[in-house]
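Source: prediction; values computed, not measured.
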Amino acid sequence: MIKEWATVVSWQNGVALVSCDVKASCNSCASRAGCGSRVLNKLGPQTTHTISVPSAEPLAVGQKVELGIAEGSLLGSAMLVYLSPLVGLFVVAGIFQMLFGTDLAAMSGGVLGGVGGFMLARGFSQKLAEKEAWQPVILSVGLPPDMLRVETLSSEAR
């Protein structure tokens, strides 16, 4: 189970809208200049993701919840998103190369196969998103923000 903490944005009718902060994957390693993840993190302006998660108990705005998702569903969705366009690119490019025998045909087939693989992944992802095993679940719930109180003793009271 892959776990992540999120903050409740709203809760209505058994569905909680939660916000997860995106963590930068690097900043401390020696290969910062040539790191692809660092470049991708700089490109995207989005620093939070908001998702809806079913929750039977009422949640307060600002409350922290721990979300979990099964490793198998995460790996399966990553394979679907990354491998289907790649396989489509190579297969259709190879077929076009065999049929027409030119590099231009192979390149056109590769583009068609990559786009077709992307469309296939998009269609399957909508069907898989409906499965309960592919949905994040709330594992634990933190205290509401208004219940936490910190009292400090003054130096006179000691």
Next item on the list: In sequence, state the C-alpha distance, the side-chain angles, and the governing distance for V137 and L67, and then conclude on side chain to side chain contact (heavy atoms under 4.5 Å, CB included).
Entry: CA-CA 6 Å; V137 293; L67 300 177; over 6 Å; no
Note to self: Membership question, hydrophobic clusters at under 4.5 Å side-chain separation (ILVMFWY): are V115 and L120 in the same one?
What the structure shows: no
Check: Quick check: does any side chain N or O of W134 sit under 3.5 Å from a backbone N or O of K127, one acting as donor and the other as acceptor?
Finding: no
Check: Going by heavy atoms in the side chains, are V18 and V9 under 4.5 Å from each other?
Finding: no
Check: Going only through I, L, V, M, F, W and Y residues with side-chain contacts under 4.5 Å, is there a path from I51 to V141?
Finding: yes
Notebook entry, point to check: If we only count heavy atoms from C-beta on, is the K64 to T7 side-chain gap below 4.5 Å?
Noted result: yes
Note to self: As an exercise, state the distance from CG of L112 to CE of M107, rounded to the nearest 0.5 Å.
What the structure shows: 11.0 Å
Notebook entry, point to check: For the side chain of Q63 and the backbone of A60, is there at least one donor-acceptor N/O pair under 3.5 Å apart?
Noted result: yes
Margin query: Can you tell me how far apart CE (M119) and OG (S84) are? Round to the nearest 0.5 Å.
Written below: 11.5 Å
Notebook entry, point to check: What is the distance from atom CZ of F124 to atom OG of S77, rounded to the nearest 0.5 Å?
Noted result: 14.5 Å
Item checked: Value rounded to 0.5 Å, distance of CD1 in I95 from CZ in F100 -> 11.0 Å
Item checked: Minimum side-chain heavy-atom gap I69-E4 below 4.5 Å -> no
Checklist line | C20 to A6 - nearest heavy-atom pair and separation | finding: SG-CB, 3.5 Å
Margin query: Tell me the closest heavy-atom pair linking E66 and K3, and the distance in Å.
Written below: OE2-CD, 3.3 Å
Next item on the list: Measure across Q97 and A106 and return the closest heavy-atom pair with its distance rounded to 0.1 Å.
Entry: OE1-CB, 3.2 Å
Item checked: Verify same cluster id: V91, L83 (apolar side-chain graph, 4.5 Å) -> no
Notebook entry, point to check: Between OG of S140 and CH2 of W5, what distance do you get to the nearest 0.5 Å?
Noted result: 3.5 Å
Note to self: Between L80 and S125, does the side chain to side chain contact (heavy atoms under 4.5 Å, CB included) criterion hold? Intermediate values first, please.
What the structure shows: CA-CA 8 Å; L80 177 69; S125 67; 4.2 Å; yes
Next item on the list: Would you check, one step at a time, whether the test side chain to side chain contact (heavy atoms under 4.5 Å, CB included) holds for I138 with L59?
Entry: CA-CA 11 Å; I138 295 177; L59 299 171; 4.1 Å; yes
Checklist line | Rounded distance [0.5 Å steps], CZ in F96 versus CG in D103 | finding: 14.0 Å
Notebook entry, point to check: Any side-chain heavy atom of W11 sitting closer than 4.5 Å to one from V15?
Noted result: no
